[in-house]
Amino acid sequence: MMGESQEPSQRAAIQAEVARILESAVFSAQGQFEAAKAWRALHWTLGVLTAALSTLAAVLTFATDAQVASGVLAVVAAIAAAILTSSRPDKLAERAAARGNDYTALRNDSRRLLHVQVPNDEIGVLRAALDGLAGRASDLDHTSDPIPRFAYNKAKRNIERDGGQQFEVDAS
């Protein structure tokens, strides 16, 4: 059994580790959401580009002296379609949004543990809760697609400069 003198240091160590998981979850969630937005935009851009170029190529096919332009547009449309089909940005967006939601749930659970349970619960209960959070965080980190650098930078700017993911009650 742990001595009374060790409990404050154990509680502080658990509190610090939960705070790390919370911070990581905030940044990971926001980064995944930013990536999802970018993948969605790429999906729509490539789709619209493919449709527009294909249509223009078809129209130019019947215009006199426009066969070369029509051929070039058809090739570019085919390349855009191939990129759209092979990269599947719609699926990347779905996965990033799902992982963002998972990290948000981890963030919420971490925040409650940090502010509600750590001050009051027994050390054994806190250790078990911390182990559960750490396991979830590790699983998410291993199953999530990497966050592209641009999405991480935008997430960081949203969180640090613009106050993203901060509740009004926490601002005071």
Checklist entry - Which pair of heavy atoms, one from A151 and one from A35, lies closest together, and at what distance? => result CB-N, 3.6 Å

Checklist entry - So do the side chains of D109 and L113 get within less than 4.5 Å of each other, counting heavy atoms only? => result no

Item to check | Side chains of T45 and H43 in contact at under 4.5 Å (non-hydrogen atoms) | outcome: no

Item to check | Hydrophobic cluster identity match, V125 and V18, side-chain contacts under 4.5 Å | outcome: no

Item to check | By salt bridge (charged side-chain N to carboxylate O under 4.0 Å, His left out) - contacts of K156 (at least two apart) | outcome: none

Next on the checklist: Hydrophobic clusters here meaning ILVMFWY residues chained together by side-chain heavy-atom distances under 4.5 Å, can you tell me if V118 and I123 are in one?
Outcome noted: yes

Checklist entry - So if you build clusters from Ile, Leu, Val, Met, Phe, Trp, Tyr with side-chain heavy-atom gaps below 4.5 Å, do L42 and I147 land together? => result no

Checklist entry - Which value, rounded to the nearest 0.5 Å, describes the distance between E160 atom CD and F27 atom CZ? => result 4.5 Å

Checklist outcome for this item: Rounded to the nearest 0.5 angstrom, the CD-CZ distance for E7 and R11 is 4.5 Å

Item to check | Co-membership, hydrophobic cluster, residues I83 and L92, 4.5 Å side-chain | outcome: yes

Sequence neighbours left out, cut at 3.5 Å: what donor-acceptor pairs do the side chains of residues 52-60 make with other protein atoms?
{"unit_1": "S54", "atom_1": "OG", "unit_2": "T50", "atom_2": "O", "d": "2.8"}
{"unit_1": "T55", "atom_1": "OG1", "unit_2": "A51", "atom_2": "O", "d": "2.8"}

Name each donor-acceptor pair under 3.5 Å that joins a side chain in residues 94-103 to protein atoms two or more places apart or in another chain, with its distance.
{"unit_1": "R95", "atom_1": "NE", "unit_2": "D145", "atom_2": "OD2", "d": "2.9"}
{"unit_1": "R95", "atom_1": "NH2", "unit_2": "D145", "atom_2": "OD2", "d": "2.8"}
{"unit_1": "R99", "atom_1": "NE", "unit_2": "D102", "atom_2": "OD2", "d": "3.0"}
{"unit_1": "R99", "atom_1": "NH2", "unit_2": "D102", "atom_2": "OD2", "d": "2.8"}
{"unit_1": "N101", "atom_1": "ND2", "unit_2": "A97", "atom_2": "O", "d": "3.3"}
{"unit_1": "Y103", "atom_1": "OH", "unit_2": "L140", "atom_2": "O", "d": "3.4"}
{"unit_1": "Y103", "atom_1": "OH", "unit_2": "D141", "atom_2": "N", "d": "3.3"}
{"unit_1": "Y103", "atom_1": "OH", "unit_2": "D141", "atom_2": "OD1", "d": "2.5"}

Next on the checklist: side-chain contact (heavy atoms from CB on, under 4.5 Å) for L133 and R136? Distances and angles first, verdict last.
Outcome noted: CA-CA 5 Å; L133 284 179; R136 284 173 55 199; 3.9 Å; yes

Checklist entry - Measuring from L84:CG to I79:CD1, what's the distance to the nearest 0.5 Å? => result 13.5 Å

Next on the checklist: Before you tell me yes or no, could you show the steps for L114 and S110 under side-chain contact (heavy atoms from CB on, under 4.5 Å), namely the whole-Å CA-CA distance, both residues' side-chain angles and the distance that decides it to 0.1 Å?
Outcome noted: CA-CA 6 Å; L114 182 64; S110 298; over 6 Å; no

Next on the checklist: Please identify which of these residues, L130, L22, L126, meets the side chain to side chain contact (heavy atoms under 4.5 Å, CB included) condition with E17.
Outcome noted: L130

Item to check | Verify same cluster id: F150, F33 (apolar side-chain graph, 4.5 Å) | outcome: no

Checklist entry - What distance do R127 atom CZ and D131 atom CG have between them, rounded to the nearest 0.5 Å? => result 9.0 Å

Checklist entry - Can R20 and E23 be said to form a salt bridge (Lys or Arg N to Asp or Glu O under 4.0 Å), step by step? => result CA-CA 5 Å; R20 287 181 193 100; E23 181 180 351; over 6 Å; no

Item to check | Shortest non-hydrogen contact from A155 toward G31 | outcome: CB-N, 3.5 Å

Checklist entry - Nearest 0.5 Å, what's the OG-CD1 distance between S28 and I21? => result 11.5 Å

Checklist outcome for this item: CZ (R112) and CZ (R107) are apart, to the nearest 0.5 Å, by 9.5 Å

